[in-house]
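Beneath this line is the structure, given in structure tokens, with notes to follow.
Note that this is a predicted model, so its numbers are computed, not measured. Computation of the quantities below employed the complete heavy-atom set of this structure, encompassing side-chain atoms and omitting hydrogens, waters and symmetry-equivalent molecules.
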2 protein chains.
Amino acid sequence: MRILLVEDEVDLAKALISALERHDILVDHVTTLEMALEAVESGVHSIAVLDRKLPDGDSLTIIPRIRKIQTGLPIIVLSALGAPEQRIEGLETGADDYLAKPFVVDELVARIRALMRRPAMIADMAVTVGQLTFNLGDGSAVAAGEPLTLTRREVLALEVLVKRAGRTVARSILEEAVYGFDDEIASNTLDAHISRLRRKIAPGRVEIHSIRGIGYLLKATA
Amino acid sequence: MRILLVEDEVDLAKALISALERHDILVDHVTTLEMALEAVESGVHSIAVLDRKLPDGDSLTIIPRIRKIQTGLPIIVLSALGAPEQRIEGLETGADDYLAKPFVVDELVARIRALMRRPAMIADMAVTVGQLTFNLGDGSAVAAGEPLTLTRREVLALEVLVKRAGRTVARSILEEAVYGFDDEIASNTLDAHISRLRRKIAPGRVEIHSIRGIGYLLKATA
DNA sequence: CTTTCCGTAATGTTGCGGCAATATGGCTGG
DNA sequence: CCAGCCATATTGCCGCAACATTACGGAAAG
């Protein structure tokens, strides 16, 4: 599970990040609307949390643009403007939830988890490739009838590979998906994760091919 | 992925090149508008990054000419002139993005990647010649119904040939496309690649003819 | 304190791609 | 019309960089 946090108040952001990570939620943090749109482009997030007042404008204005890029991406808006009319305004613009400041951090966590559970959304949607079934909702996977025990980073990598099954996924895209945007990655850590993934899904009719010089490709064996 | 960088400040250019190459992006670097136009002629770049102030003029002035040569080539303009009016001026001239100096190198990388991901652009656009279909988005190719397994250099060469199908492509243009501008090439390596390409697309109704003394020509067999 | 995760590095393996040796075929000058 | 030359064709070889795999150890979680 990977979410995008758009918040310019550093202290609040830090508090949220540590709280969310305690709940096994990986957070990418940016501070402006512009950066937020870029991040959404990557398509790796399951939820976006937007502070309403940001240095480059009101985040409500970019909700339609986010929707264009990622239809169905759940959006939670945080705001000091908590009057009913403003909440309504936020929800009508397309936000899925609107949280007035100040709020208890745990409440945000709860609402995120609630949106993640929402059945109509991506939750409980599963993708099957060959004998591998990957559940987008909770990140669980089943290969050849056997449930797999995957670690956090393995889930992140497999999610991207499965979503783009049959198409080559650039190495850099995978790195972005498994680590944050910021975290630089030394050595061959990604290779190691792929290797472990391969071993775990071994007895299925699905393989992770490496495309030399480009990246990886997951596809069902013919 | 291959981009054109037009930048006369040597230090900045060096920094950008090393950052981009770390992201598997091949960079061709020139320092003047004149060289830029020449480079665009080659048709091998997916994105152009122009510094606005160059020794031979304002790079905005050549954007229309670039558009004439390569419709749809995404263009990013870098400039010390970051006032809103100037940004707007840049965008209205036809730039796809406008980045004010000073900027963080990683931000440029992110914007390039964002443009590359833009679905309306080159991605998923395919060209078909005879029984050969080449996907500009991911460099994949299908001949006579069978997907081809191409190596990196083969993809680069075939991409140029396909884009100019029916027209002769000069040997020097192909060399530029397969290698950087700088990398000199000894021996007949290019010929070898063409030979391997021919073998791979053999059973299709498309052929690579050699034009003696000039270069190569890809066209459907009558 | 134990366990799991994951980053790192050491080592093994693969296959791309540069080079050159040799073959082929077309063009030119005699 | 032939000889010789030069551009291109084809193929094998092999270095090296990219990838695979595994072991190890630190760190964080329980």
Side-chain angles (χ1 to χ4, degrees), chain A residues 1-2 17-26 139 141 148-158 161 168-180 182-202 207-218, chain B residues 1 21-26 139 141 148-159 161 168-180 182-202 207-218:
Chain A
M1 181 56 48
R2 178 116 177 256
I17 290 170
S18 86
L20 291 168
E21 294 199 328
R22 230 174 297 123
H23 286 265
D24 272 336
I25 297 172
L26 191 59
L148 300 181
T149 308
L150 299 178
T151 69
R152 198 156 35 105
R153 314 220 102 123
E154 285 165 357
V155 168
L156 292 168
L158 187 57
L161 287 170
T168 303
V169 181
R171 198 183 187 75
S172 55
I173 299 283
L174 272 169
E175 283 173 0
E176 273 182 15
V178 176
Y179 309 94
D182 312 323
D183 293 325
E184 274 310 308
I185 183 63
S187 81
N188 61 347
T189 308
L190 180 63
D191 305 57
H193 284 299
I194 295 289
S195 178
R196 289 170 194 141
L197 260 180
R198 275 205 261 245
R199 165 177 298 198
K200 288 187 180 177
I201 64 180
E207 275 171 5
I208 300 175
H209 300 269
S210 80
I211 308 299
R212 187 166 265 250
I214 311 286
Y216 292 92
L217 163 66
L218 180 141
Chain B
M1 183 54 48
E21 295 199 326
R22 230 174 297 123
H23 286 264
D24 275 335
I25 297 172
L26 192 58
L148 300 182
T149 307
L150 300 178
T151 69
R152 207 154 21 119
R153 311 226 107 124
E154 285 166 357
V155 168
L156 291 169
L158 187 56
E159 179 175 343
L161 288 168
T168 302
V169 182
R171 174 175 277 275
S172 58
I173 298 285
L174 273 169
E175 283 173 0
E176 276 179 13
V178 176
Y179 310 94
D182 311 325
D183 293 324
E184 275 312 307
I185 183 63
S187 81
N188 63 345
T189 308
L190 179 63
D191 305 59
H193 284 298
I194 295 291
S195 176
R196 289 174 194 135
L197 260 181
R198 274 204 262 245
R199 165 178 297 197
K200 286 187 181 178
I201 65 181
E207 275 170 7
I208 300 175
H209 300 269
S210 78
I211 307 301
R212 199 180 175 79
I214 312 287
Y216 292 91
L217 163 66
L218 180 141

Worksheet item: Between dC16(C) atom C1' and H209(A) atom NE2, what is the distance in whole Å?
Response: 18 Å
Worksheet item: Who passes side-chain hydrogen bond (donor to acceptor under 3.5 Å, both in side chains) against D191(A), sequence neighbours left out?
Response: R171(A)
I'd like a list of close polar pairs between nucleotides 22-25 of chain C and the protein, N/O only, cut-off under 3.5 Å.
unit_1	atom_1	unit_2	atom_2	d
dG25(C)	N2	R212(B)	NH2	3.2

Practice prompt. Mind checking side-chain contact (heavy atoms from CB on, under 4.5 Å) for V169(A) and listing every partner two or more places apart, or none if nothing turns up?
Written response: V160(A), L161(A), R164(A), I173(A), L174(A)
Discussion item. For nucleotides 3-10 of chain C, give me one character per nucleotide, 5' to 3': B if any protein heavy atom sits under 4.0 Å from the base, S if the only such contacts are to the sugar-phosphate, - if neither.
Written reply: --SBBBBB
Fill in: Distance (rounded to the nearest 0.5 Å) between I194(A) CD1 and R199(A) CZ
14.5 Å
Response to the item:
Sorted by chain and residue number, the side-chain contact (heavy atoms from CB on, under 4.5 Å) partners of R212(A) (sequence neighbours excluded) come out as none
Discussion item. Rounding to an integer number of Å, can you tell me how far D191(B) CG sits from dA20(C) C1'?
Written reply: 12 Å
Fill in: Estimated bend of the helix from dC1(C)-dG30(D) to dG30(C)-dC1(D) (axis per five terminal pairs, rounded to 10 degrees)
30°
Discussion item. Can you give me the closest heavy-atom contact between V155(B) and G139(B), atom names plus distance?
Written reply: CG2-O, 3.7 Å
Fill in: From I25(A) atom CD1 to R2(A) atom CZ, the distance as rounded to the nearest 0.5 Å
13.0 Å
Practice prompt. List in chain and number order the residues that pass side-chain hydrogen bond (donor to acceptor under 3.5 Å, both in side chains) with S195(A), two or more places apart in sequence or in another chain; answer none if no residue qualifies.
Written response: none
Practice prompt. Provide the closest heavy-atom pair for A157(B) versus L197(B) in the form atom of the first, atom of the second, distance.
Written response: CB-CD1, 4.1 Å
Response to the item:
By side-chain contact (heavy atoms from CB on, under 4.5 Å), I211(A) pairs with (sequence neighbours left out) T168(A), I214(A), L217(A)
Worksheet, complete the sentence: Note: chain B reaches DNA chain D at heavy-atom distances under 4.0 Å over the stretch, first to last nt, 5' to 3', of dC6(D) to dG12(D)
Item to complete: Please identify each residue that fulfils side-chain contact (heavy atoms from CB on, under 4.5 Å) with S210(A), with sequence neighbours left out.
Response: Y216(A)
Item to complete: Drop me the distance from I201(A)'s CD1 to L158(A)'s CG, to the nearest 0.5 angstrom.
Response: 6.5 Å
Worksheet item: Does a side-chain N-to-carboxylate-O contact under 4.0 Å join R196(A) and E154(A)?
Response: no
Worksheet item: Can you list the residues that meet the side-chain hydrogen bond (donor to acceptor under 3.5 Å, both in side chains) rule with T189(A), with sequence neighbours excluded?
Response: S187(A)
